Every structure is written in C-alpha cells, then in structure tokens.
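Just so we're clear, the structure is a prediction, and the values are computed from it rather than from any experiment. When a ligand or atom number is given, it counts from 1 through the structure's own listing order.
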Amino acid sequence: MATHLTHWGAFEASSDGARLTEVRPWRGDPEPTPLISNVASAQHHPTRVDQPYVRRGWLEHGPGPGARGADEFVPVTWETALDLLAGELARVYREYGGEAVYGGSYGWASAGRFHHAQSQVHRFLNCLGGYVSHRNSYSLGASTVLLPHILADMGTIMARATTKSVLAGHSKLVVAFGGLSPKNSAVSPGGVSRHDTRGWIETARANGCRFVTVSPLRDDIPGEAQAEWIAPRPGSDAAFMLALAQVLDSEGLADNEFLDTYTVGYARFAEYLRGGVDGQVKDPEWAESITGVPAERIRRLAREMASTRTFITVSWSLQRAQYGEQPLWLGVVLAAMLGQIGLPGGGFGHGYGSAANVGLAVRLTSPPRLPQGANPVDDYIPVARIADMLLNPGGAYEYNGEHRTYPDIKLVYWAGGNPFHHHQNLARLRTAFARPDTVVVHDPFWSATARHADIVLPATMTIERDDYGAGEGDRFFFPMPALTTPHGQARDDYWMFAELAERLGVGKEFTGGRTTGEWLRYLYEEWRTRLLAKGHTLPDFDAFWSGEAIELPLEAEEHIAFADFRADPVSHPLHTPSGRIEIFSETIASFGYDDCPGHPVWREPDEWLGSPLAARFPLQLVANQPRTKLHSQLDIGDHSQSTKIRGREPVRLHPEDAAARGLATGDIVRIYNDRGSCLAGLAIDDAVRPGIAQLSTGAWYDPDPADPTHCRHGNPNAVTNDRGASRLSQGCTGQLSLVEIERHTGPLPDLTVTAPPRTTEL
Ligand SMILES: Nc1nc2c(c(=O)[nH]1)N[C@H]1C(S)=C(S)[C@@H](COP(=O)(O)OP(=O)(O)OC[C@H]3O[C@@H](n4cnc5c(=O)[nH]c(N)nc54)[C@H](O)[C@@H]3O)O[C@H]1N2
Ligand SMILES: Nc1nc2c(c(=O)[nH]1)N[C@H]1C(S)=C(S)[C@@H](COP(=O)(O)OP(=O)(O)OC[C@H]3O[C@@H](n4cnc5c(=O)[nH]c(N)nc54)[C@H](O)[C@@H]3O)O[C@H]1N2
Ligand SMILES: [Mo]
C-alpha cells in the first residue's frame with residue numbers, strides 16, 4: 001500500500017502496475033470523504049485522452065478563427081503534434097509577441113506541487129517571451145480586490161485566520177453566512193490530510209457554542225452543529241446584515257471604543273444606516289421586506305450577537321455574485337461593531353466551511369515549488385473577464401480604479417483548467433473561443449475545453465507520475481511516487497513543455513538541465529537546507545521519498561486573527577491606507593463606482609427573487625460547488641455518477657415548487673432563462689428553501705449540436721450570467737441567476753460527453 005494525495009484527501013492504494021486495485025482512506029484522516037473513489041474508476045475511462053489530437057479544420061486550413069467544439073479530431077503522433085505546436089508558437093511569438101498569448105490558464109489542475117500545471121505552463125511561456133496573465137480567482141474574485149482596501153490582503157486573511165481550535169474552545173455563537181458546508185470543506189487546494197469540520201463543530205457544541213446558519217440550504221452545515229436555520233432570499237444578505245448593524249447602532253449595542261480605536265469611517269456608514277443618505281432607515285422591518293426574514297428574528301439575533309462571544313463567518317459563495325463585495329464588507333463591519341476582532345472566539349472569518357484550509361495551525365513554511373520565472377508581459381485580465389477579452393480586443397473596461405483595455409489574443413494556452421466548466425454563459429464563451437487563431441489544451445480527459453481546442457495533448461493523472469505535495473496551509477507533506485503507468489500515450493505536462501522548449505531553442509532555460517526526478521530531489525534538498533539553517537531538521541530526500549507523510553514545522557498551533565493589531569494598533573497597523581479597519585474607504589469612494597461605493601450598501605441585484613425578471617423566471621438558481629467531486633474533475637468517476645438521475649446532474653427543488661409545476665422526483669427537467677437551458681434530474685427536498693433551484697456545477701457541458709445554448713447534461717453555466725461582481729473587482733458571479741423549470745418532453749437525448757469526441761484519420 002502506498003500513500004497518495006488528492007485535492008480532496010489522502011488515500012492508500014494498491015496497484016497492479018496499470019491500475020489501482022484497492023483504495024482506502026489514509027489512516028491519519030478522521031473524517032475521510034468518498035470522493036477518493038472517483039480516481040480509480042476514472043483512470044481508464046473512455047474519456048481519457050489516449051494520444052495527441054489536432055482538430056481537423058485547423059489541420060486542413062491552418063491557424064485562424066473557427067467553429068471550435070463542432071469539428072472532428074485527427075489522431076497524430078507525439079512528433080507531429082509537438083512539431084506543429086512548436087511551429088505555431090514560433091509564428092505567434094514572432095508576429096505578435098507574448099502580448100497576443102493568453103496563458104492565464106486558470107484552474108485547479110491536480111494535487112502534487114511540482115507538476116502543478118499552472119506553474120508549468122507559466123514557466124514555459126515565460127521562457128518564450130511571456131503571456132497575458134490573469135489576476136485573482138473564480139473562488140474569491142470580489143474578496144481579493146476588496147479586502148486589502150478595508151482589512152488585509154487575502155493571503156494574510158487565509159494564512160492568519162483564527163484557528164478552528166480557538167473557535168471550538170471559545171466561541172459562544174457562530175453566525176455562518178453561507179453555512180459551514182461539509183461538502184466544501186472536504187477539499188483544499190493541493191490536498192487535505194485530516195478532515196476536521198464535523199470534529200471542531202462537535203467540540204464547539206460541547207463547549208456551549210450555538211450555531212446559526214444563514215443559507216438557502218439547510219444542509220449547508222453539518223448536523224453536528226444543531227444549527228438554527230435562517231434562509232433569506234439569496235443575494236439579500238447585505239440587507240439582512242445592514243439591519244443587524246442598525247439594531248446594534250440604534251440600541252447602543254455597538255462597541256464605540258473599538259470603533260474609535262480600530263476603525264475609520266463609522267460615522268459615514270451610521271448615517272446611511274439611520275436613513276441620512278437615502279431617507280430609508282435600514283431597520284429590521286425594512287430588511288424583512290427584502291430578505292423575507294421576520295424583523296423580530298433579525299432584531300433578536302442582533303441582540304444575542306452583542307451579548308456573547310460571537311464569531312461571524314462569511315462563505316466565499318456570498319461574494320461570487322453581483323455586488324458580492326457588500327455582504328463581505330458588512331461581515332467585517334458587523335464584527336467591528338461587536339468589538340470582538342482579535343479576541344479568542346470572536347471577530348470575523350471568511351470561508352470556514354468553504355474549504356478545508358481555513359483556520360489551520362500556522363505553518364512555518366510551505367513545501368517547495370517549481371519556480372515560474374519572470375513574465376516580461378505586464379498585461380493581465382481579472383480572471384473572469386475571459387470571454388469579454390476574446391470578444392472585444394481593444395475594448396475598454398474598469399477594474400479596481402483603473403481604466404483598462406483588452407488585448408488582442410491570437411493564441412490561448414490552457415493546462416490544468418476547464419473554462420467550459422468554470423465560466424458563465426458557456427454559449428457566449430464558445431463564441432469567444434471561435435475568435436483566436438489557435439487554442440491549445442493539455443488535459444488527462446476530453447474535458448469540454450479540450451473539445452473546444454485545436455491541439456489536445458494528453459496529460460498524466462497524479463497516480464501516473466512522481467511528485468510530492470501538501471495542501472495549502474496543511475501540516476502534512478506527502479511523497480507521491482507514481483502508482484501506475486500512464487494511460488495510453490499520456491505524458492507529464494513537464495515532459496511536453498520540455499519537448500516544446502527544446503524545439504523552440506529554450507530547452508535548457510525551461511528544464512534547467514533536470515529531469516523530473518532531479519527536480520524533486522533538488523527542490524526538496526534546497527528547501528531542507530534552508531529549514532535546517534532555521535533549526536528544523538527534516539529527513540533527507542531518499543528517506544522522505546521512501547517513507548510516509550512528514551509533518552511540517554509549525555509557527556503556532558493556535559492563532560487569533562488580528563490579536564496583535566488589537567493589542568497594539570500603533571505598532572501593528574493593518575496594511576490599509578489608514579492602518580485601521582475601513583468602514584468607509586476613501587480609496588474606493590474615489591473610484592466613483594455606484595456599484596461599490598465608499599461604504600457597504602444594499603444594492604438590488606439584476607437577478608434575485610425580488611427583481612422584475614422573477615415574474616418570468618421565478619426560481620433562484622443556486623449554482624454551488626458539487627458534493628460528489630471537485631468542480632468538473634472526474635465527473636465520470638463512480639462516486640460522481642452515483643448521484644446522477646438518468647445520467648443527468650441532480651437539481652433540487654422544494655416540494656411546493658415541484659408540486660406547483662407538477663413535477664416528481666426522478667423527472668428529467670429543463671432549466672432555462674433567456675441565455676440558455678440545460679437538462680437535469682429532479683430531486684425534491686425540503687432542505688431547500690422555497691423559490692430555490694439548486695444545481696451544482698461540474699456536470700460536463702454537453703451542448704446540443706443544433707443549439708449550443710442547450711446543455712443535455714446539467715451544467716448550470718449554460719444559464720448563468722457572464723457579468724462582473726462590480727467595476728471594483730470584476731469577480732465571477734456564477735453563484736446566482738434566475739431561471740424557470742419545466743418537465744422535459746420528448747425523447748431523452750443521449751449524452752455525448754461521456755464518450756470521446758468524433759475522430760477521423762486523414
Ligand atoms: N456557476 C458557477 N460557476 C463556477 C463557480 C460557481 O460557484 N458557480 N465556482 C467557480 C470556482 S470557485 C472555481 S475555482 C472554478 C473551478 O474551475 P476549474 O479549476 O477550471 O475546474 P476543474 O474541473 O478543477 O478543472 C481542472 C482541469 O484540469 C485537468 N487536470 C487535472 N490535473 C491535470 C494535470 O496534471 N495536467 C493538466 N494539463 N490538466 C489537469 C482536469 O481534468 C480538469 O479538466 O469554477 C468556477 N465556476
Ligand atoms: N466537494 C467540493 N468542495 C469544494 C469544491 C468542489 O468543487 N467540490 N470547490 C472548492 C472551491 S474551488 C471553492 S472556491 C470553495 C467554494 O466555497 P463556497 O463558495 O463557500 O461554496 P459554494 O458551494 O459555492 O457555496 C456554499 C453555499 O453558499 C450558499 N449560498 C449561495 N448563495 C447564497 C446567498 O446569497 N446567501 C447565503 N446566505 N448563502 C448562499 C449555497 O447554499 C451554497 O451551498 O469550495 C471548495 N470546496
Ligand atoms: Mo474556487
């Protein structure tokens with residue numbers, strides 16, 4: 001049995017050399033997840049890319065705009081594929097330079113940090129002359145831009161979050177906006193060693209902590225929390241939170257001393273609460289009319305929050321929406337008004353429950369990674385503006401106080417991500433992907449993005465290559481020697497880039513003269529030596545490689561976010577312009593954005609249950625993360641397949657909404673709005689608030705050939721809106737949109753995405 005790490009946990013496996021014969025959870029994991037079974041069942045699935053392919057139209061007519069996603073693929077040898085691609089890269093860099101290459105390549109790829117595909121592709125493109133990159137993530141588009149203005153940068157907030165052990169020991173009330181989802185905290189970038197969500201919540205309960213979950217889904221928090229469930233209309237949390245703030249303000253419950261010492265701008269915000277800006281007092285009665293939550297319940301909650309040690313956590317999902325900055329900012333403001341920031345068990349947190357790595361012990365060091373080199377091209381896009389960029393070369397847009405222009409992209413290079421999973425309004429993305437001269441994709445699977453590429457190169461899975469890895473912030477560092485041979489002709493991304501670099505005359509620059517094995521040893525030993533100098537002894541490479549996971553040194557087992565700032569705000573100022581928490585931000589105000597003004601506000605989104613559009617599309621689609629997989633990864637794996645309904649992704653509706661439409665569990669339904677539609681299998685469930693349709697992301701996009709706005713499988717991004725959260729952040733807003741649902745009539749179309757695309761020999 002050898003140990004292996006994935007983004008969703010570690011497992012022990014036996015192998016016959018070509019496939020895994022037995023998989024069981026790593027013995028160190030107290031709460032293992034069934035997601036680990038997707039790996040073995042996916043490895044030799046027909047949708048693995050078995051060799052290199054080139055799109056027929058591209059092969060016949062050469063580079064240029066084309067109907068990507070509709071064509072056949074031609075199998076070619078590695079030699080042919082690499083020669084063709086090297087030639088095309090040489091042409092594009094010669095004619096246009098790196099300014100015409102989009103290499104953002106957003107995506108999670110796999111665990112295992114040397115073969116991290118984004119690091120690999122960035123290092124490679126840097127050797128050629130650089131690329132247009134991306135900023136921020138789909139996860140935290142609004143947060144990453146907002147938080148440095150008002151509190152701290154995202155890196156600090158993640159790495160220096162109050163540890164879950166402190167919450168479990170000291171919090172008396174946890175108010176979780178967006179819940180503390182056990183499905184989300186199964187996962188962490190780079191891997192999770194010990195899952196502990198149910199554990200810390202159970203301990204907190206035993207210590208007398210009460211949980212309140214504010215979410216459209218009752219099961220966004222584990223049963224162990226025995227939580228009170230409050231379900232405002234999605235997208236209306238800002239109004240709910242403003243009313244909490246208004247109660248604190250009007251009843252003298254705000255901690256004025258804390259506000260005076262540690263924050264700026266409270267007076268301007270309080271004026272807005274009191275009705276001084278728009279004539280509307282933001283009281284619970286006002287919030288009830290927006291959120292649907294009884295005023296009395298809001299008032300009672302505010303008083304309870306002020307009376308005890310209260311922790312406020314806001315999930316990442318709340319900011320993945322139009323005006324997503326507002327509930328996040330209000331989470332910070334409420335915690336400041338309670339005056340408990342920097343105290344054990346009190347204050348503000350972001351994403352406890354969104355991923356396993358929030359609130360871990362503070363690590364002294366992160367494991368070694370492949371250096372990416374320097375990018376000579378300084379142009380970038382906010383990551384979720386990919387379709388806008390491809391559709392509007394030279395077009396103007398605003399971002400974080402800047403007036404910017406989209407570049408003219410000729411070549412798109414993607415390794416380790418799936419924009420036809422992650423982006424909104426996929427039919428629009430498909431139109432955008434028709435524009436460039438060439439699209440290159442490396443992937444182990446015929447992902448929807450690979451199907452929209454010109455050159456498709458088959459990548460190995462982690463079980464097929466040597467690597468090592470630790471999750472972000474995780475204390476265990478795993479050796480990950482290959483467990484099997486690669487499927488078909490699959491090769492490591494590193495090998496592909498090394499071959500291309502050699503052909504383009506930058507072989508030595510890319511490889512540094514090292515093989516994978518030499519890199520692993522070199523990076524490990526260099527890192528070990530650095531740690532030794534600081535007094536930390538770790539095993540040498542050979543002992544590490546042939547042994548078990550090792551424990552990384554910690555800086556602190558327990559940590560309280562902003563405790564140093566609280567103790568001494570002069571010596572430990574925040575890295576905001578004022579050095580304090582900014583309840584009013586002069587910087588943001590100076591940008592003049594009505595969609596994100598100088599203090600948090602309630603703004604009505606275009607698509608929520610209170611908007612005029614709800615007359616035609618009366619259901620709020622919550623497109624959250626999937627329980628049975630990570631994003632689109634291994635959707636053909638057995639655990640992911642086990643919840644499909646006649647092959648379609650399940651959509652959950654409240655019994656009342658199903659009855660009103662004459663729908664029954666197991667029906668195939670059509671989910672639609674003006675942008676597109678998808679099929680899904682119906683699951684009726686009273687854990688879903690009325691008015692909500694919950695369809696997780698991740699079903700592989702299976703466009704109807706006659707109508708690419710229709711997905712036959714159940715990908716919610718067929719109907720989501722491709723619009724930024726605000727001009728400030730331009731963050732992803734995929735979480736919420738409005739739809740209607742009806743029974744699917746006529747024969748059920750076959751899925752094509754569970755088989756490879758059509759191929760032809762030339
Ligand atoms: N509607 C809606 N949309 C959303 C969201 C939402 O809430 N609602 N959430 C968004 C969020 S937070 C995120 S992070 C994104 C996730 O979007 P992505 O990170 O793009 O999704 P993944 O499915 O993880 O894509 C990874 C791809 O890399 C491939 N891969 C894995 N390992 C390797 C490797 O070693 N080499 C290569 N070359 N390829 C590899 C996988 O097969 C897969 O195709 O989705 C976003 N999209
Ligand atoms: N199993 C699994 N875990 C994952 C992932 C995965 O793909 N699969 N992806 C990982 C990634 S990349 C990320 S970024 C994180 C994302 O972490 P999150 O963004 O927190 O996760 P989501 O599942 O998108 O949303 C969490 C919950 O928020 C609730 N919600 C949605 N809209 C609203 C709203 O307006 N108000 C309130 N109060 N609640 C709302 C939904 O009910 C939803 O279930 O998850 C990570 N964890
Ligand atoms: Mo994410």
Seminar exercise, completed: among protein heavy atoms, the one nearest atom 39 (N) of ligand 2 is Pro216 CD, 3.3 Å

Exercise. What atoms in ligand 1 come closer than 4.0 Å to a heavy atom of His442?
Worked result: 37 (C), 38 (N), 39 (N)

Seminar exercise, completed: Quick note on ligand 1: atoms under 4.0 Å from a heavy atom of Gly734 include exactly 1 (N), 2 (C), 8 (N)

Problem set entry | Closest to atom 12 (S) of ligand 1 (judged by heavy-atom distance), picking from Pro189, Ala384, Ser139 | Ser139

Exercise. Quick one: does Cys732 get a heavy atom under 4.0 Å from ligand 1?
Worked result: no

For this session: Mind checking whether Leu140 contacts ligand 2 via backbone (N, CA, C, O), side chain (CB onward), both or neither, at a 4.0 Å heavy-atom cut-off?
Result: neither

For this session: Run down the list His421, Gln625, Arg233 and name the one with the heavy atom closest to atom 5 (C) of ligand 2.
Result: Gln625

Exercise. Minimum heavy-atom separation for Leu125 to Gly103, with atom names?
Worked result: CD1-CA, 3.6 Å

Exercise. In terms of heavy-atom contacts, does CZ of Arg48 have more than 12 from other residues, nucleotides or ligands at under 6.0 Å?
Worked result: yes

Exercise. How close does the nearest protein non-hydrogen atom get to atom 22 (P) of ligand 1, and which residue and atom is it?
Worked result: His631 CB, 3.6 Å

Exercise. For the ring pair Trp602 and Tyr323, is the centre-to-centre distance below 6.0 Å?
Worked result: no

For this session: Give me the ring orientation class for Tyr494 and His115: parallel if the planes are under 30° apart, tilted from 30 to 60°, perpendicular past 60°.
Result: perpendicular

Seminar exercise, completed: Taking only non-hydrogen atoms of Asp237 and a 4.0 Å limit, the atoms of ligand 2 in range are 34 (C), 35 (O), 36 (N), 37 (C), 38 (N)

For this session: Measure Trp108 to ligand 2 on non-hydrogen atoms and call it side chain, backbone, both or neither using the 4.0 Å cut-off.
Result: side chain

Problem set entry | Ion pair check, Arg652 and Asp219, cut-off under 4.0 Å | yes

Problem set entry | Which segment of Asn184 sits under 4.0 Å of ligand 2 when only heavy atoms are counted | both

Exercise. Where does Ser137 meet ligand 2, judged by heavy-atom distances below 4.0 Å: at the side chain, the backbone, both, or neither?
Worked result: neither

Problem set entry | For atom 37 (C) of ligand 1, the protein heavy atom that lies nearest, with its residue and separation | Asp493 OD2, 3.5 Å

For this session: Name the orientation class of the two ring planes belonging to Tyr53 and Phe73 (parallel below 30°, tilted from 30 to 60°, perpendicular beyond 60°).
Result: perpendicular

Exercise. Which ligand 2 atoms are under 4.0 Å away from a heavy-atom of Leu630?
Worked result: 5 (C), 6 (C), 7 (O), 8 (N), 9 (N)

For this session: Work out whether the distance between some heavy atom of Gly179 and some atom of ligand 2 is less than 4.0 Å.
Result: no

Exercise. So which of Ser632, Ala459, Ala321 gets nearest to atom 23 (O) of ligand 1, if we judge by its closest heavy atom?
Worked result: Ser632

Problem set entry | Tyr106: ring pair (Phe, Tyr, Trp, His ring centres under 6.0 Å) partners, not counting sequence neighbours | His134, Tyr138, His422

For this session: Tell me which protein heavy atom sits closest to atom 43 (C) of ligand 2, plus the residue, atom name and distance to 0.1 Å.
Result: Asp220 OD2, 3.4 Å

Exercise. Taking the non-hydrogen atoms of Thr720, is any one of them nearer than 4.0 angstrom to ligand 1?
Worked result: yes

Exercise. Does Pro716 reach ligand 1, in the sense of a heavy atom lying below 4.0 Å from it?
Worked result: no

Exercise. Under the ring pair (Phe, Tyr, Trp, His ring centres under 6.0 Å) test, which residues partner His116, sequence neighbours left out?
Worked result: none

For this session: State the atoms of ligand 2, each with its element, that fall below the 4.0 Å cut-off from a heavy-atom position in Ser315.
Result: 20 (O)

Seminar exercise, completed: Honestly, for Ser354 the part within reach of ligand 2 (heavy atoms, under 4.0 Å) is both

For this session: Could you pull out, from Pro626, Pro232, Ala186, Ser696, the option with a heavy atom nearest to atom 1 (N) of ligand 2?
Result: Pro626

For this session: Kindly assign one of parallel, tilted or perpendicular to the pair Phe497 and Tyr413, based on the angle between their ring planes and the thresholds 30° and 60°.
Result: tilted

Problem set entry | Heavy atom of Ser181, distance to ligand 2 below 4.0 Å | no

Exercise. In ligand 2, which numbered atoms sit nearer than 4.0 Å to a non-hydrogen atom of Leu736?
Worked result: 32 (N), 35 (O)

Exercise. Looking at ligand 1, does Tyr106 have a heavy atom less than 4.0 Å from it?
Worked result: yes

For this session: Going by heavy-atom distance to atom 16 (C) of ligand 2, choose the closest among Gln620, Met241, Arg320.
Result: Arg320

Exercise. Should you measure from each heavy atom of Asn624, which atoms of ligand 2 turn up under 4.0 Å away?
Worked result: 22 (P), 23 (O), 24 (O), 25 (O), 43 (C), 44 (O)

Exercise. Quick one: nearest non-hydrogen protein atom to atom 35 (O) of ligand 1, plus distance?
Worked result: Arg465 NH2, 2.9 Å

Exercise. Would you call Glu604 and Arg233 a salt bridge, taking side-chain N to carboxylate O under 4.0 Å as the test?
Worked result: no

For this session: Give a yes/no verdict on whether any heavy atom in Gln118 is under 4.0 Å from an atom of ligand 1.
Result: no

Seminar exercise, completed: the protein heavy atom lying closest to atom 26 (C) of ligand 2 turns out to be Ser317 OG, 3.5 Å

For this session: Show which atoms of ligand 2 fall inside a sub-4.0 Å distance from at least one heavy-atom site of Lys629.
Result: 1 (N), 2 (C), 6 (C), 7 (O), 8 (N)

